[in-house]
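See structure below.
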Amino acid sequence: MHKVLVAMYDETIDEDESQQVRGWLREELPDLQVSFADDLDEALAAPPPDILITNAHPWLPELVRERNGIEWIHLLSAGADRLLQMDLPFERLLVSTSSGVHTATISEYVLAGALYHTKAFGRFATQQRERRWERPSLGELEGSTMAILGLGAIG
């Protein structure tokens with residue numbers, strides 16, 4: 001396997017990140033040919049890949065039909081539910097996910113959300129824009145209990 005296609009929407013990865021990914025892949029796997037695509041047309045215009053790194057785009061079945069040399073689909077998401085509902089030749093495809101990769105990011109996001117609401121950061125931002133100051137009564141997280149509902153590494 002030598003050809004990889006990274007297929008995702010524009011807003012998922014910017015040009016700097018794209019260059020970082022290409023550089024890392026070139027450094028770690030110098031014989032790998034990496035292409036990037038934002039939509040089906042670009043994916044079909046890219047060299048036919050062996051490996052597809054992607055999100056579960058609605059156009060994936062068409063891409064896999066047109067590029068029947070794809071042997072491996074790696075999802076950027078932790079779960080494969082949407083992909084497994086698609087009409088794909090799973091008997092010939094290796095499918096992997098990014099399960100566990102997002103654990104620290106999501107944990108930090110949850111912590112940031114708890115602090116944002118408890119410490120009224122939104123109110124402060126509004127007051128700053130309006131050039132006024134009202135001292136609010138703020139809560140504390142100390143002694144609080146948080147319920148975590150979820151499965152896998154993120155939960």
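Here the closest non-hydrogen pair linking Arg67 and Ala43 is NE-O, 4.3 Å. Between Gly100 and Thr103, the closest heavy-atom pair is O-OG1, 3.0 Å. Annotation for Pro61 and Pro58: closest pair CD-O, 3.4 Å, computed over non-hydrogen atoms. Listed here is the closest heavy atom pair of Ala56 and Met86: O-CE, 3.5 Å. The two residues Ala37 and Glu42 have their closest heavy-atom pair at CA-OE1, 3.5 Å.
The closest donor-acceptor contact from the side chain of His57 to the backbone of Ala7 lies under 3.5 Å. For Lys3 (side chain) and Pro47 (main-chain N/O), no donor-acceptor pair under 3.5 Å exists by modelled atom type. Formation of a donor-acceptor pair under 3.5 Å by the Asp50 side chain with backbone atoms of His2 is found in this model.
The 12-atom threshold is exceeded at CD of Glu28, counting heavy atoms of other residues, nucleotides or ligands nearer than 6.0 Å. Annotation: Glu91, atom CD; neighbour count of heavy atoms from other residues, nucleotides and ligands within 6.0 Å is above 12.
Here Thr118 contributes atom OG1 and Leu141 contributes atom CG; the two are 4.0 Å apart, rounded to the nearest 0.5 Å. From Leu138, atom CG reaches atom NE2 of His117 across 14.0 Å, with rounding to the nearest 0.5 Å. Atom OG1 of Thr54 and atom CH2 of Trp59 lie 5.0 Å apart (nearest 0.5 Å). Atom OG in Ser77 sits 6.5 Å away from atom NE2 in His102 (nearest 0.5 Å). The CD atom of Glu17 sits 10.0 Å away from the CZ atom of Phe36 when rounded to the nearest 0.5 Å.
Side chains of Phe121 and Thr126 form no contact here, defined as non-hydrogen atoms less than 4.5 Å apart. Under the 4.5 Å side-chain criterion, counting only non-hydrogen atoms from C-beta, Gln127 is in contact with Phe124.
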Throw together a table of side-chain donor-acceptor distances under 3.5 angstrom for residues 92-99, partners on residues two or more places apart or in other chains.
| residue | atom | partner | partner atom | Å |
| --- | --- | --- | --- | --- |
| Arg92 | NH1 | Asn68 | O | 3.1 |
| Arg92 | NH1 | Ile70 | O | 2.6 |
| Ser96 | OG | Trp72 | NE1 | 2.8 |
| Ser96 | OG | His74 | ND1 | 2.7 |
| Thr97 | OG1 | Ala78 | O | 3.3 |
| Thr97 | OG1 | Ser99 | N | 3.3 |
| Ser98 | OG | His74 | NE2 | 2.9 |
| Ser98 | OG | Leu75 | O | 2.9 |

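Within the structure, salt bridge (Lys or Arg N to Asp or Glu O under 4.0 Å) contacts touching residues 131-141 (residues at least two apart or in different chains) are Glu130-Arg132, Arg132-Glu134.
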*Passes side chain to side chain contact (heavy atoms under 4.5 Å, CB included), Ile53 versus Val4? Steps please.*
CA-CA 7 Å; Ile53 300 173; Val4 175; 3.7 Å; yes

Inset, instruction - Could you give me the CA-CA distance, side-chain angles and deciding distance for Ile148 and Met146, then say whether side chain to side chain contact (heavy atoms under 4.5 Å, CB included) is met? - result: CA-CA 6 Å; Ile148 310 287; Met146 180 182 288; 3.9 Å; yes

Given Leu40 and Leu63, is the side chain to side chain contact (heavy atoms under 4.5 Å, CB included) satisfied, shown in steps?
CA-CA 7 Å; Leu40 178 60; Leu63 176 62; 3.9 Å; yes

* To do: I would like to know whether Leu60 and Asn55 meet side chain to side chain contact (heavy atoms under 4.5 Å, CB included); could you show each step before the answer?
  => CA-CA 9 Å; Leu60 277 183; Asn55 297 313; over 6 Å; no

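In terms of hydrophobic clustering, with Ile, Leu, Val, Met, Phe, Trp and Tyr side chains grouped at heavy-atom distances under 4.5 Å, Ile73 and Leu44 are assigned to a common cluster. Leu76 and Val101 fall into different hydrophobic clusters, where Ile, Leu, Val, Met, Phe, Trp and Tyr side chains are chained together by heavy-atom contacts under 4.5 Å.
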